[in-house]
Participant: 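Once you've had a glance at the structure underneath, I'll fire off some questions.
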Amino acid sequence: MHRRTALGGALTALATAAAGVLVAAAVSTAPAAAAAGGTGTGYLHTSGNKIVDSTGATVRLTGINWFGMETDNKTFHGLWSSNPWRSQLDTMARLGYNTLRIPYSNDALKAGATATGINDFVNPDLIGLSPLQILDKVIDYAGSKGMRVILDRHRPTSAGQSPLWYTSTVSEATWINDWKMLAQRYAGNTTVIGADLHNEPHAEGTNPAATGACWGCGDTARDWRLAAERAGNAILGVQPNWLIFVEGVSCPSGGLSNVWDNDPSNDEDCGWWGGNLSKAGQFPVRLNVANRLVYSPHEYATSVYRQAWFDDPTYPANMPAIWDKYWGYLYKQNIAPIMMGEFGTTLQDPKDKIWLQNLMAYTGTGVNGMSFTYWSWNPNSGDTGGIANDDWTTINQPKQDILTPYLIPPTGGGGTTSPSPTGTPDTSPAPTTPPPPVTGGCTATYKQVNSWAGGFQGELTVKNTGTAAVNPWSATWTWPSGVTLASGWNATVTQSGTTVTAAAPAWASSLAPGASVTVGFTANGTAATPGSVKLNGTAC
């Protein structure tokens, strides 16, 4: 993996259940007053250990990480593959991932930053765009599918991970100012729901000469809890609707235990980088806006590091007590929601499959369970692999099968109906109620955005020139034989024969009098202008 060496520490004695292979008991949760499918409505906030939407309905984020913007490429990995970027998002949403966690480094945000590793033939719409402009497009399309986005400041620079939130070349002020810039950039865009302030703060140096991130030590240069408050409150001053995701540390002291001094009293119970929130109950993160704090631990398997607990004779019965100690207590005691920001495995060790099954069961089932974003979509994650296989198109079915029962697919939004990785056609039922007719008329204009050998990209703008709103709206057009849809956005775009239908997404179902909608698409075949354009059956 490109970002971590896992850190183990001296474990304190933990009470465990009886030995044996079993699935951990699910978190006990009270039923929500209202449960939301997908990712809810409007901005999100917290209520006890729940994440809720603007109506008060409980939302469970069941997402995935798509990394690359934190690396030298400064944009999403896999854009070099033969699978277009929109198609990759289509697959994530179809599999049930309703949230996208996007790591970045501050290098990618600099003026003049250049995105590299992009297959121009497959992704012609990304040619010449900056890393932030590509991020804009991914966020817009994810939102059109009903997904939410969490931005993750993964590294100060693309060179590597840092134990503290600042370095000699990237100051705390830069860290906070870049966050404020992003909060302003996406203000009003409810797809972007929050900030994961800094990825995997961790210990450095040997105690008592610790130099890494501590929790509750009071040293403003090292206390991650205090830094999270400073950054979180600065962001909320710009964008009070965002959630603030705060990871743990590895060792609360900020330093590694001296295991050679033969003094066990100085040995500390440490965990994964970013995974130790054991002091958050005693020293909570204090934000100026209520109901915005989400704790976000990381948790990994033997493929990342063989922690001592994996070889405990009671494994996996010992794991729930370990999770309780590090972060689960925050949820179980109704202190704050948990959004497990990273967890993953190659599944190469049989213990890892047991670990993943037990971890998912521990998070609970249904909308009331803990939120999570799996690491990762990318197959090029060195110590975990990904949900996508090396072709960035087909999926790792054994991993997906374990996660599927806990996934809550996004609802609302549009996107292309595309085949599954195994080639199974989409069998989603078509609407049974025909859309209402247009009162008046419509106009249609077409713009060819790009073309290449074997395909083209276009935008069809349809305007309601009638006197009443069209709700829901649906546009249709025809193409010559041999032209086939590759991807579409700003609507649910499908093709049957030579007829293409763009159905209104749930988030923008109504087309007011005088209003217009622009449906974008890429297609295979010789560039062709849409013919016989209609709005709800009325010719334009």
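Computed from a predicted model, the values in this text were never measured in an experiment. Atom set for the values below is all heavy atoms of this structure, side chains included, hydrogens, waters and symmetry mates excluded.
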Participant: Look at the rings of Trp66 and Phe76 and say which category their plane angle falls in: under 30° parallel, 30 to 60° tilted, over 60° perpendicular.
Facilitator: tilted
Participant: Parallel, tilted or perpendicular, judged at 30° and 60°: which one describes the rings of Tyr300 and His298?
Facilitator: perpendicular
Participant: Evaluate the side chain to side chain contact (heavy atoms under 4.5 Å, CB included) criterion for residues Arg230 and Glu172: first the C-alpha distance (whole Å), next the side-chain angles of each, then the deciding distance (0.1 Å), finally the verdict.
Facilitator: CA-CA 10 Å; Arg230 295 193 294 271; Glu172 177 175 307; 2.9 Å; yes
Participant: Is there a side-chain contact between Thr99 and Met339 (heavy atoms, below 4.5 Å)?
Facilitator: no
Participant: Sort and list the pairs that fulfil ring pair (Phe, Tyr, Trp, His ring centres under 6.0 Å) and have at least one residue in residues 90-110, not counting sequence neighbours.
Facilitator: Tyr104-Trp179
Participant: Donor-acceptor check, side chain of Asp219 to backbone of Ala221, threshold 3.5 angstrom: yes or no?
Facilitator: yes
Participant: Are Val192 and Trp242 close enough that some pair of their side-chain heavy atoms sits under 4.5 Å apart?
Facilitator: yes
Participant: Classify the angle between the aromatic ring planes of Trp175 and Trp165 as parallel (below 30°), tilted (30 to 60°) or perpendicular (above 60°).
Facilitator: tilted
Participant: Checking the side chain of Asn378 only, and the main-chain atoms of Asn380 only, is there a donor and an acceptor separated by less than 3.5 Å?
Facilitator: no
Participant: Distance only, no hydrogens: is a donor on one side chain within 3.5 Å (strictly under) of an acceptor on the other, for Thr345 and Asp352?
Facilitator: yes
Participant: Is there side-chain contact between Leu403 and Ile387, with heavy atoms separated by less than 4.5 Å?
Facilitator: yes
Participant: Does the Asn83 side chain pair with the main chain of Trp392, one donor and one acceptor, at a distance under 3.5 Å?
Facilitator: yes
Participant: For residues Phe67 and Trp375, establish whether the separation of their ring centroids is below 6.0 Å.
Facilitator: yes
Participant: Give a yes-or-no answer on whether the side chains of Thr75 and Asn73 include a donor-acceptor pair shorter than 3.5 Å.
Facilitator: no
Participant: When you compare the side chain of Val52 with that of Thr46, does any pair of heavy atoms fall below 4.5 Å?
Facilitator: no
Participant: Taking all heavy atoms of Gln88 and all of Ser81, pick out the closest pair and write down the distance.
Facilitator: NE2-OG, 3.6 Å
Participant: Do Thr394 and Asn389 have side-chain atoms, one donor and one acceptor, less than 3.5 Å apart?
Facilitator: yes
Participant: Is any side-chain N of the basic residue among Arg225 and Glu247 closer than 4.0 Å to the acidic one's carboxylate O?
Facilitator: no
Participant: Keeping Glu299 on the side-chain end and Phe343 on the backbone end, is there a donor-acceptor pair under 3.5 Å?
Facilitator: no
Participant: Between the main-chain N or O of Val285 and the side-chain N or O of Tyr295, is there a donor-acceptor pair closer than 3.5 Å?
Facilitator: yes
Participant: Assess the residue pair Gln239 and Tyr43 against the criterion (side-chain hydrogen bond (donor to acceptor under 3.5 Å, both in side chains)); give the C-alpha distance rounded to whole Å, side-chain angles, the decisive distance to 0.1 Å, and a yes or no.
Facilitator: CA-CA 11 Å; Gln239 170 51 293; Tyr43 280 110; 3.2 Å; yes
Participant: Has the side chain of Ser130 got a donor or acceptor atom that lies under 3.5 Å from a matching backbone atom of Gln133?
Facilitator: yes
Participant: Is it the case that the side chain of Asp196 and the backbone of Leu151 share a donor-acceptor pair, with hydrogens and angles ignored and the cut-off at 3.5 Å?
Facilitator: no
Participant: When you check the gap from the basic side-chain N to the acidic O, do Asp269 and Lys325 get nearer than 4.0 Å?
Facilitator: yes
Participant: Give me the one residue out of Asn98, Thr39, Thr363 that meets side-chain hydrogen bond (donor to acceptor under 3.5 Å, both in side chains) with Arg60.
Facilitator: Thr363
Participant: Evaluate the side-chain proximity of Met360 to Thr365: yes if any heavy-atom separation is below 4.5 Å, no if none is.
Facilitator: no
Participant: Could you tell me whether Asp107 and Lys110 make a salt bridge, using a distance below 4.0 angstrom between a side-chain N and a carboxylate O?
Facilitator: yes
Participant: Between His77 and Trp85, does the ring centroid distance fall short of 6.0 Å?
Facilitator: no
Participant: Would you confirm whether Asp324, through its side chain, and Gly328, through its main-chain N or O, come within 3.5 Å as a donor-acceptor pair?
Facilitator: no
Participant: When you compare the side chain of Trp272 with that of Tyr305, does any pair of heavy atoms fall below 4.5 Å?
Facilitator: yes
Participant: Counting N and O atoms only, with roles assigned by atom type, does the side chain of Ser47 sit under 3.5 Å from a partner on the main chain of Lys50, one being a donor and the other an acceptor?
Facilitator: no
Participant: Under 3.5 Å, is there a donor-acceptor pair between the Asn199 and Arg101 side chains?
Facilitator: yes
Participant: Would you call Lys145-Asp90 a salt bridge at under 4.0 Å N-O?
Facilitator: yes
Participant: Does Arg86 make a cation-pi contact with Tyr141, if we ask for NZ or CZ under 6.0 Å from the ring centre and within 45° of the axis?
Facilitator: yes
Participant: Is the closest side-chain heavy-atom distance between Glu200 and Gln161 below 4.5 Å?
Facilitator: yes
Participant: Taking the basic N atoms (NZ, or NE/NH1/NH2) and the acidic carboxylate oxygens, is any pair closer than 4.0 Å for Arg155 and Glu70?
Facilitator: no
Participant: Walk me through it: do Asn207 and Ser253 pass the test side chain to side chain contact (heavy atoms under 4.5 Å, CB included)?
Facilitator: CA-CA 8 Å; Asn207 285 324; Ser253 70; 2.9 Å; yes
Participant: Please determine whether side chain to side chain contact (heavy atoms under 4.5 Å, CB included) holds for the pair Leu197 and Arg153, giving the CA-CA distance in whole Å, both sets of side-chain angles, and the decisive distance to 0.1 Å.
Facilitator: CA-CA 6 Å; Leu197 298 176; Arg153 193 288 195 122; over 6 Å; no
Participant: Run the numbers on His45 and Val289 for side chain to side chain contact (heavy atoms under 4.5 Å, CB included), then give the verdict.
Facilitator: CA-CA 10 Å; His45 59 282; Val289 180; over 6 Å; no
Participant: Is a donor on one side and an acceptor on the other found under 3.5 Å between the side chain of Trp327 and the backbone of Ile338?
Facilitator: no
Participant: Within a 6.0 Å radius of atom NZ on Lys279, are there more than 12 heavy atoms belonging to other residues, nucleotides or ligands?
Facilitator: no
Participant: Are the two sulfur (SG) atoms of Cys251 and Cys214 closer than 2.5 Å?
Facilitator: no
Participant: Would you indicate whether the side-chain heavy atoms of Phe372 and Thr62 approach each other to under 4.5 Å?
Facilitator: yes
